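Note that the structure is a prediction, hence the values are computed from the model and not measured. Below, chain A is the first sequence line, B the second, and so on; all start at residue 1.
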There are 2 protein chains.
Amino acid sequence: MGETYGIADLAKEFGVTTRTVRFYEDKGLIAPAREGQRRIYSPRDRVRLRLIMRGKRLGLTLDEIAELMDLYDVDPSEVTQLKQFIDVIRDRKTVLEGQKKDIEETLAEMTRLERQCTQLLSQKQTKK
Amino acid sequence: MGETYGIADLAKEFGVTTRTVRFYEDKGLIAPAREGQRRIYSPRDRVRLRLIMRGKRLGLTLDEIAELMDLYDVDPSEVTQLKQFIDVIRDRKTVLEGQKKDIEETLAEMTRLERQCTQLLSQKQTKK
DNA sequence: GAGAAGGTTTACGTTTACGTAAAGTAGGCT
DNA sequence: AGCCTACTTTACGTAAACGTAAACCTTCTC
């Protein structure tokens, strides 16, 4: 048997409340085992939680995160499904690449602003 | 006098409803001129709308977008303000860099998945 | 001058992602 | 036994970001 975790452990680790973790279960994003009525989380559940958090940092909705995680679980039996699957992945990639571009643009602007400010600041301080 | 736009023009250009554009005004994100009771948008308003949309693609809330846009409007009079300003910019940059990393990780996984799938697919099709 | 097209305010409705409170259970300590 | 602590379900509340409907101006066109 591998490592297991209680709900409070994971909540603390990821900086959310236990309510949040249960909510994700309600939404079908994780499905921990039970011991009596208590939830027991496996390392796999923990990985899924990590993926959820990353998705959230990317601004995805929980539904979108669910879709994304389904991608990892698809079984490659049917050719048709495989093709559809590849399309979905490509769409995702396109979105992500757009986001990456947005971030790089914004980062560039931030850097420019920062430079302007530090320059202004040093000017003011040499005048004194 | 420069170019001006009606609310429907901008809504259409950015793929949102007029309700949305007015909502952003309510939130203080844009402040178009008026001609009588009608809203008249300047190129500057349009730029702000573009920034709003980019912020949304990055998963920011409207409040966060407002903060970000305030950065562009700050006047560099007080040294104290300048220093605070630089801190804010650096925080933003840290967040953005984290997001960029998340995206790159996810992109890498998507690419890996895509490769697996195309490979599987070609295997299946040669067997036929 | 009647209506159609496009704009306006006001205001209630909706979805998402939880917060928060209530009330019960189950095991451990002393 | 009695209490504490951690967990559970149930359920109502809430903030954000609009959707949607109602009722009212203008202005243009025919």
Pairwise distance [atom1]([X]) to [atom2]([Y]) - rounded to 0.5 angstrom:
X         : Y        : atom1 : atom2 : value
Arg92(A)  : Arg90(A) : CZ    : CZ    : 15.5 Å
Thr106(B) : Arg54(A) : OG1   : CZ    : 3.5 Å
Glu109(A) : Leu96(B) : CD    : CG    : 10.5 Å
Leu107(A) : Glu97(B) : CG    : CD    : 5.5 Å
Leu51(A)  : Lys56(A) : CG    : NZ    : 14.0 Å

key: Consecutive-pair stems (at least three Watson-Crick or G-U pairs, under 3.5 Å) that include DNA chain C   =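 Output for stems: C:1-30 with D:1-30.
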
Any donor-acceptor N/O pair, Glu3(B) side chain to Pro43(B) backbone, under 3.5 Å =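 Here the side-chain-to-backbone pair does not exist.
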
inquiry  = As a quick check of understanding, evaluate side chain to side chain donor-acceptor pair (under 3.5 Å) for Asp91(A) and Thr94(A), giving each step before the final call.
reply    = CA-CA 5 Å; Asp91(A) 287 351; Thr94(A) 305; 5.2 Å; no

message = Going by side-chain contact (heavy atoms from CB on, under 4.5 Å), name the residues that satisfy it together with Leu121(A), two or more places apart in sequence or in a different chain.
response =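 Partners of Leu121(A) under the side-chain contact (heavy atoms from CB on, under 4.5 Å) test: Gln125(A), Val79(B), Leu82(B), Lys83(B), Ile86(B).
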
Side chain to side chain donor-acceptor pair (under 3.5 Å) involving Thr17(A) - partner list, sequence neighbours excluded =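 Applying side chain to side chain donor-acceptor pair (under 3.5 Å) to Thr17(A) gives Thr20(A).
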
inquiry  = Students should find this one: the first and last nucleotides of DNA chain C, 5' to 3', lying under 4.0 Å from a heavy atom of chain B. What are they?
reply    =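 The footprint of chain B covers dG6(C) to dA11(C).
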
ask   = Listed in order of residue number, which residues of residues 17-48 of chain B have a non-hydrogen atom at under 4.0 Å from DNA chain C?
value =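 Contacting residues: Arg19(B), Arg22(B), Arg34(B), Gln37(B), Arg38(B), Arg39(B).
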
key: Residue pairs, two or more places apart or on separate chains, that pass salt bridge (charged side-chain N to carboxylate O under 4.0 Å, His left out) and touch residues 6-18 of chain B   =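 Every salt bridge (charged side-chain N to carboxylate O under 4.0 Å, His left out) pair that includes a residue of residues 6-18 of chain B, provided the two are not neighbours, is Glu13(B)-Arg46(B), Glu13(B)-Arg50(B).
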
